[in-house]
There are 2 protein chains.
Amino acid sequence: MALLDTVVMRGLTVQGVLSPEDRALLLGLELNPRHISANEELWQERADADMFCVVKEGWAYSYRNLRNGSKQILKFYLPGDIIGMRDFGFTRRLSSAAMINQGVIYPFSYQQLFELFGRSSLAVGIMATAMRQQALLSERLIYLGQYAAHERLAHFLYEIYLRLKRIEAVEDNSFLMPLTQQLISDALGMSPVHVSRTFSMLREEGLVIRDRQHVKLPDPEALARLVEFNDSYIDELLPLTFAELLRASP
Amino acid sequence: MALLDTVVMRGLTVQGVLSPEDRALLLGLELNPRHISANEELWQERADADMFCVVKEGWAYSYRNLRNGSKQILKFYLPGDIIGMRDFGFTRRLSSAAMINQGVIYPFSYQQLFELFGRSSLAVGIMATAMRQQALLSERLIYLGQYAAHERLAHFLYEIYLRLKRIEAVEDNSFLMPLTQQLISDALGMSPVHVSRTFSMLREEGLVIRDRQHVKLPDPEALARLVEFNDSYIDELLPLTFAELLRASP
DNA sequence: TCGGTGACTTAACGTATGTTATGGATAATG
DNA sequence: CATTATCCATAACATACGTTAAGTCACCGA
């Protein structure tokens, strides 16, 4: 299962828009096979992110270990899949990755991806933006999978708080949230009644004050501790190496 | 909140790798404001996908309506966010999108994105690949949020089945799955014990036969009906319009 | 001013799923 | 071949959450 055989690249081939150079670049990603034994780690969360892997043989998976001892698997990778794209645009890995059984992978560097991108800064920027969106999606998946209702709601509110702060829509730890409890329940996969119950709990604990659309988090840090929110990456600029790679001559 | 002010693009600016042309292209996306009223739909699931939106004012959200009447919200969009990237590389929208309150958006076309990409076929291909990965992640989020254990497991098995079929690793509706129930439970957010229980249920219903790593789905279509699996898009080639856009002169 | 509507709260009750524990089958190891 | 570890099945019990329902409060149009 080579990259050129994936649905997407086959589509581009059929449509006749992949130049011979493009095809050569793509094939060039699959030159250095590496044999991996079962259960071997490819990388750990927070390791430097500087390369991807195409899975040639075997199964792998990406996951996050949580404070409470549980772990959430984000994705299983089968032959032909690319591991590591999730981290593109971040300095460090957002999740760990490991082989399940024995297999073969082709590692390739960010540098090679930049060549695929034709060294277009904007392409890199758009891709990084998309991956940040996916990072938020992954966080939510983790919370839906592993945490109880009050943690999910706390996590949700804290995420909104951070995103609003970034666009300067938070003042004195308060913000406007035009969501009904019904909408929140649809987002968090719980019943509207339980959203209400859970808001009451958070209010009693002094973590959230809410009157209609007005929300105040008296102690955002306490909330962050409760939810194990990894906000280190959210406002992170692109890795410094990106500039060098973009400026490097082909 | 303009695109040039987002973390990613600010990073590229700081690093001095955004050319004046790049900046002009990016600014060019935000020329045609459109005022949207509260609760107005931006598009529905399965509509033609041919453009994105930058949110300027107001909140929006993307969601999927499910057969059982519930709905799963995938993401809330705040000012500065781009709506619609999730569908890039697909012919039709994978989820609906609507405004929550009244607001302003800037629509921009795929064509404009292709210009950002410098008309690099490979950049388009990589981006589309990443978005397909995200589509699978979204499906899993929907299932974690809205469905009971046996539906989650059924969905999981059917997804694996489809992905293995694509790489010709399914024979006679059987395949090899090197996963322990512990790993499956970590992926689906349920206890290992309940995974076992649920496998027993599916076996009694004649939907799944399993002996250790050997899995057989006697009637994959029955499973697909049970889980409301939208597999129409998984093996879809890139939209035909992509070739035209890639070939168009700048 | 009044009834109507939608958003929210709280309570009572049922159930899906988690937890803990035990035993059996199979694979791994010496 | 014996021993041990791993994986899995099943049962008994506990609980978080869903469901249904009723009541309060704010807002809105007649």
Side-chain angles (χ1 to χ4, degrees), chain A residues 37-39 59 66 68-73 100-102 143-157 176-205 208-216 226-227, chain B residues 38-39 59 66 68-73 100-102 143-157 176-205 207-216 226-227:
Chain A
S37 51
N39 297 313
W59 289 32
L66 306 178
N68 63 13
S70 63
K71 106 175 154 188
Q72 174 69 42
I73 293 177
I100 292 171
N101 45 11
Q102 153 192 344
Y143 265 78
L144 286 194
Q146 301 293 335
Y147 286 93
H150 71 279
E151 294 163 311
R152 272 185 271 171
L153 182 56
H155 180 271
F156 176 79
L157 292 173
L176 212 69
M177 182 173 71
L179 304 178
T180 63
Q181 296 191 354
Q182 172 72 56
L183 277 177
I184 296 174
S185 78
D186 287 337
L188 297 185
M190 50 205 263
S191 69
V193 174
H194 205 56
V195 170
S196 173
R197 271 200 283 254
T198 310
F199 261 120
S200 303
M201 283 181 53
L202 292 177
R203 172 167 28 84
E204 278 158 26
E205 295 170 34
V208 178
I209 302 171
R210 186 179 55 93
D211 178 30
R212 305 243 147 209
Q213 305 196 347
H214 299 271
V215 179
K216 175 163 190 169
L226 171 65
V227 300
Chain B
N39 297 312
W59 289 32
L66 306 177
N68 63 14
S70 62
K71 107 175 155 189
Q72 174 69 42
I73 292 176
I100 293 172
N101 46 11
Q102 151 193 346
Y143 264 79
L144 286 194
Q146 301 293 334
Y147 286 92
H150 71 280
E151 294 163 311
R152 272 186 272 172
L153 182 56
H155 180 271
F156 176 79
L157 292 172
L176 213 69
M177 183 173 72
L179 304 178
T180 63
Q181 295 190 354
Q182 173 73 55
L183 277 177
I184 296 174
S185 79
D186 287 337
L188 298 185
M190 50 206 262
S191 69
V193 174
H194 205 55
V195 171
S196 173
R197 272 200 283 255
T198 310
F199 261 121
S200 303
M201 283 181 52
L202 292 176
R203 171 168 30 82
E204 279 158 24
E205 294 171 33
L207 291 170
V208 178
I209 301 171
R210 185 180 55 96
D211 178 29
R212 302 246 148 207
Q213 304 196 348
H214 299 273
V215 179
K216 176 163 189 170
L226 170 65
V227 300

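In what follows, chains carry the letters A, B, and so on, assigned in the order in which the sequence lines appear, proteins first and then strands, with residues in each chain numbered from 1.
In plain terms, the two heavy atoms of B/Gln72 and A/Ala187 that are nearest each other are NE2-O, 2.9 Å. The shortest heavy-atom contact between B/Met190 and B/Ala149 is CE-CB, 3.6 Å. Between A/Ser185 and A/Ser191, the shortest heavy-atom distance links the atoms CB-C, 3.8 Å.
In summary, of the residues considered (A/Leu179, A/Ile184, A/Asp186), a side chain to side chain contact (heavy atoms under 4.5 Å, CB included) with A/Gln182 occurs for A/Asp186 alone.
Between the side chain of B/Gln146 and the main chain of B/Lys71, a donor-acceptor pair closer than 3.5 Å is present. With B/Ser196 contributing its side chain and B/Pro192 its backbone, the two residues share no donor-acceptor pair below 3.5 Å.
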Polar-atom pairs under 3.5 Å, protein N or O versus N or O of nucleotides 7-12 of chain C: list them with distances, or write none.
from	atom 1	to	atom 2	distance (Å)
C/dC8	OP2	A/Gln181	N	2.8
C/dT9	OP1	A/Arg210	NH2	3.1
C/dT9	OP2	A/Gln181	OE1	3.2
C/dT9	OP2	A/Gln181	NE2	2.6
C/dT9	OP2	A/Ser196	OG	2.8
C/dT9	O5'	A/Ser196	OG	3.4
C/dT10	OP2	A/Ser200	OG	3.0
C/dA12	N6	A/Arg197	NH1	3.4

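A distance of 5.0 Å separates CG in B/Leu157 from CZ in B/Phe199, rounded to the nearest 0.5 Å. A distance of 5.0 Å separates CE in B/Met201 from NE2 in B/His150, rounded to the nearest 0.5 Å.
Side-chain contact check for A/Arg152 and A/His155: no donor-acceptor pair (N or O, by modelled atom type) lies under 3.5 Å. For B/Arg203 and B/Ser200, the side-chain atoms include at least one donor-acceptor pair closer than 3.5 Å.
One axis for each end of the helix from C/dT1-D/dA30 to C/dG30-D/dC1, each built from five base pairs, and the angle between them comes to 40° at 10° resolution.
When the P atom of C/dT15 is taken as reference, atom NE2 of A/His194 falls 18 Å away, rounded to whole Å. Rounded to an integer number of Å, the gap from OH of A/Tyr147 to P of C/dG18 is 15 Å.
Boundaries of the chain A contact region on DNA chain D are D/dC17 to D/dA26, first to last in 5' to 3' order (nucleotide atom under 4.0 Å from a heavy atom).
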